[in-house]
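Dumping the structure here so I can ask a few things about it.
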Amino acid sequence: MLKIATWNVNSIRKRINQLCSFIVDSQIDIVLLQEIKCTEEQFPYAEIEKLGYEYAVYGQVARNGVCVLSKYPILEKLKIDIVESHQEARYIECVIKHSNNKVRVGSVYVPNGQSPDSHTFEYKLKFFDNLYERMGTLLKNEELTIIAGDYNVALDEIDVFDSNLLNGQVCFHIKEREKLRAILNLGFKDAFRISHLNLQQFTWWHYQGNSLRNNQGMRIDHMLLSPQAADKLETCYIDDRLRKLENPSDHTPVVCVIKQ
DNA sequence: ATGTCGCACGGGGTGCGA
């Protein structure tokens with residue numbers, strides 16, 4: 001059994017204690033983090049090593065930043081700029097050895113896009129086009145592959161608290177929903193949705209106002225599985241306990257369990 | 001209520017991104 005989690009941690013330095021407790025208490029084998037918001041020099045290696053985990057880090061100053069933490073040996077580490085003209089730390093991929101098998105994992109932080117009429121929204125769509133190419137290439141390997149992270153898009157109406165209100169807005173615009181759908185049509189599976197066909201649950205709630213109390217959130221963090229990984233999916237769940245802690249990230253983790 | 005966070009810069013509050 002392999003337990004894998006993804007979490008937009010919104011600063012790993014601010015959340016290091018929550019992160020370590022989560023890994024230990026939930027017995028997570030592999031963690032994919034986004035928005036670690038630090039350079040590789042600033043990364044809290046000591047705390048991670050104390051847990052006995054290996055790491056692969058792609059950091060930058062103040063913003064973005066992704067990493068992989070693993071209880072099992074990391075055989076390959078790949079930092080990729082999905083859109084080469086934007087050198088931002090948004091994607092890291094690792095091959096991890098687990099018993100006699102290998103699993104390929106990617107931690108992805110898709111650009112937010114600000115608003116649908118902004119230049120950064122165009123960047124977001126371009127990022128999705130290039131991610132589509134990368135993930136299509138990965139499928140050809142027919143490996144156990146999981147690309148998870150903050151995709152900054154809710155797929156369907158069930159994935160947002162008010163689809164009429166949010167339709168056309170960033171993170172629920174039809175142009176970006178189509179891009180995520182295209183990745184699924186390549187053959188990747190939405191682990192949470194194949195585990196819970198009709199369950200409305202969110203991974204992100206705004207810090208402002210009463211978003212959390214009123215459960216006004218969105219499911220924008222996803223674990224996308226290759227067919228080989230989906231075949232072995234035991235379950236996938238959203239752990240909303242971390243969003244309810246003091247000084248939380250605005251996102252909460254998604255976890256999947258893979259049979260081996 | 002431009003309402004909440006985290007970070008850089010710089011040494012106090014402001015601006016940016018989300």
Side-chain angles (χ1 to χ4, degrees), chain A residues 6-20 22 31-45 47 57-67 81-83 85-92 107-128 131 148-155 159-162 165-173 175-177 179-180 202-222 238 240-254:
Chain A
T6 182
W7 188 25
N8 179 323
V9 70
N10 190 16
S11 172
I12 193 170
R13 290 176 291 174
K14 272 275 193 292
R15 232 70 66 190
I16 186 64
N17 292 338
Q18 289 182 18
L19 173 64
C20 291
F22 170 63
V31 189
L32 312 174
L33 299 174
Q34 303 84 38
E35 284 206 270
I36 62 172
K37 288 188 173 175
C38 66
T39 63
E40 285 156 42
E41 290 73 27
Q42 296 168 322
F43 190 86
Y45 296 103
E47 287 86 346
V57 183
Y58 187 10
Q60 70 174 79
V61 176
R63 300 172 43 210
N64 309 319
V66 287
C67 73
D81 293 327
I82 295 292
V83 178
S85 55
H86 291 66
Q87 293 202 353
E88 298 182 318
R90 294 183 176 274
Y91 186 93
I92 191 165
S107 177
V108 63
Y109 177 46
V110 173
N112 172 280
Q114 291 179 353
S115 72
D117 56 359
S118 68
H119 283 105
T120 53
F121 192 78
E122 295 303 314
Y123 168 40
K124 182 178 196 174
L125 298 179
K126 177 66 177 167
F127 190 98
F128 266 116
L131 186 62
D150 179 359
Y151 283 78
N152 259 318
V153 176
L155 187 63
D159 298 313
V160 296
F161 73 95
D162 186 336
L165 178 72
L166 296 175
N167 188 27
Q169 295 190 34
V170 73
C171 299
F172 197 58
H173 193 286
K175 284 185 183 174
E176 41 188 322
R177 291 166 62 195
K179 299 292 186 189
L180 182 57
F202 307 132
T203 64
W204 174 87
W205 297 260
H206 208 290
Y207 281 125
Q208 285 177 216
N210 295 315
S211 302
L212 181 64
R213 192 183 311 173
N214 298 334
N215 195 28
Q216 296 176 328
M218 298 195 270
R219 190 173 71 92
I220 56 176
D221 300 85
H222 308 291
I238 295 168
D240 63 3
R241 292 174 301 173
L242 280 83
R243 184 64 179 82
K244 295 170 179 169
L245 298 174
E246 289 290 311
N247 303 311
S249 167
D250 46 353
H251 296 251
T252 211
V254 187

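Excluded from the calculations below are hydrogen atoms, water molecules and symmetry mates; all remaining heavy atoms, backbone and side chain alike, are included. Naming convention: chains lettered A, B, ... in sequence-line order (proteins, then strands); numbering from 1 in each chain.
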**Report entry** Short side-chain N/O contact to dG6(B) OP1/OP2 from Arg15(A), under 4.0 Å
**Finding:** yes

**Report entry** Interatomic distance at C1', dG12(B) relative to dC7(B), whole Å
**Finding:**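 Comparing C1' positions in dG12(B) and dC7(B) gives a spacing of 16 Å.
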
Query raised in the report: When the P atoms of dG13(B) and dA1(B) are considered, how many whole Å apart are they?
Result: 25 Å

Query raised in the report: Roughly, in whole Å, what's the span from CD in Glu41(A) to C1' in dC7(B)?
Result: 17 Å

Query - Check: Gln42(A) side chain, Thr39(A) main-chain N or O, donor-acceptor pair, under 3.5 Å - result: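 Checking the backbone N and O of Thr39(A) against the side chain of Gln42(A), a donor-acceptor pair under 3.5 Å is found.
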
Query - Given dA18(B), dT4(B), dG17(B), the nucleotide with the shortest approach to the side chain of Tyr207(A) - result: dT4(B)

**Report entry** Residue of the set Thr203(A), Asp150(A), Asp250(A) for which side-chain hydrogen bond (donor to acceptor under 3.5 Å, both in side chains) holds with Asn8(A)
**Finding:** Asp150(A)

Query - Side-chain N,O (Ser249(A)) to OP1/OP2 (dC5(B)) below 4.0 Å - result: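 So the side chain of Ser249(A) is outside the cut-off, no N or O lying under 4.0 Å from OP1 or OP2 of dC5(B).
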
Query raised in the report: Taking only N and O in the side chain of Lys14(A), is any of them less than 4.0 Å away from OP1 or OP2 of dC7(B)?
Result: yes

Requested in this report: Using a 4.5 Å cut-off on heavy atoms from C-beta on, say whether the side chain of Glu40(A) contacts that of Cys67(A).
Outcome: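 Cys67(A) vs Glu40(A): side chains apart.
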
Report task. Rounded to the nearest angstrom, tell me the gap between atom CD in Glu88(A) and atom P in dG17(B). Result ->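 These atoms are roughly 10 Å apart.
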
Query raised in the report: More 5' along DNA chain B: Asn152(A) or Ser11(A), using each one's nearest nucleotide?
Result: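 By nearest-heavy-atom nucleotide position, the 5'-most residue is Ser11(A).
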
Report task. Rounded off to whole Å, could you give me the CD-to-P distance for the Gln60(A) and dG6(B) pair? Result ->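 Checked: the CD to P distance equals 18 Å.
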
Requested in this report: Send over the distance from His206(A) NE2 to dT2(B) P, rounded to a whole Å.
Outcome: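 Spelled out: NE2 on His206(A) to P on dT2(B) is 13 Å.
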
Query raised in the report: Between Asn152(A) (side chain) and Val110(A) (backbone), is there a donor-acceptor pair under 3.5 Å?
Result: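 Yes; at least one donor-acceptor contact below 3.5 Å.
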
Report task. Would you kindly compare Asp150(A) and Asn10(A) by the position of their nearest DNA chain B nucleotide and give the one closer to the 5′ end? Result ->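 First, find each residue's nearest nucleotide; the 5'-ward one identifies Asn10(A).
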
**Report entry** C1' gap between dT2(B) and dC16(B), integer Å
**Finding:** 14 Å

Query raised in the report: For the rings on His173(A) and Phe121(A), is their centre-to-centre separation under 6.0 Å?
Result: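 Yes, the ring centres sit under 6.0 Å apart.
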
Query raised in the report: Given the rule in the side-chain contact (heavy atoms from CB on, under 4.5 Å) test, do Tyr207(A) and Asn10(A) qualify, once you have shown the distances and angles that lead to the verdict?
Result: CA-CA 12 Å; Tyr207(A) 281 125; Asn10(A) 190 16; 3.0 Å; yes

Report task. Can you tell me the distance, in whole Å, between the CZ atom of Arg63(A) and the C1' atom of dG15(B)? Result ->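 Value for this atom pair: 13 Å.
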
Query - Criterion side-chain hydrogen bond (donor to acceptor under 3.5 Å, both in side chains) on Asn112(A) and Lys124(A), from CA distance to verdict - result: CA-CA 7 Å; Asn112(A) 172 280; Lys124(A) 182 178 196 174; 5.7 Å; no

Query - Between dT4(B) (C1') and His251(A) (NE2): distance, integer Å - result: 13 Å

Query - Span that lies between the P atom of dG10(B) and that of dG15(B), in whole angstrom - result: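 Result for the P pair: 14 Å, nearest Å.
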
Query raised in the report: Do any N or O atoms from the side chain of Ser107(A) and from the backbone of Ile92(A) form a donor-acceptor pair under 3.5 angstrom?
Result: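 The answer is no, because no donor-acceptor pair under 3.5 Å joins these two groups.
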
Query raised in the report: In whole angstroms, how far is the P atom of dG6(B) from the CG atom of Asn112(A)?
Result: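 Going from Asn112(A) (CG) to dG6(B) (P), I get 17 Å.
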
Query raised in the report: By a strict heavy-atom criterion of less than 4.0 Å, which residues belonging to residues 113-128 of chain A are in contact with DNA chain B?
Result: Gln114(A)

Query raised in the report: Does Arg90(A) have a side-chain nitrogen or oxygen under 4.0 Å from the phosphate oxygens OP1 or OP2 of dA18(B)?
Result: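 Yes, because at least one side-chain N or O of Arg90(A) sits under 4.0 Å from OP1 or OP2 of dA18(B).
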
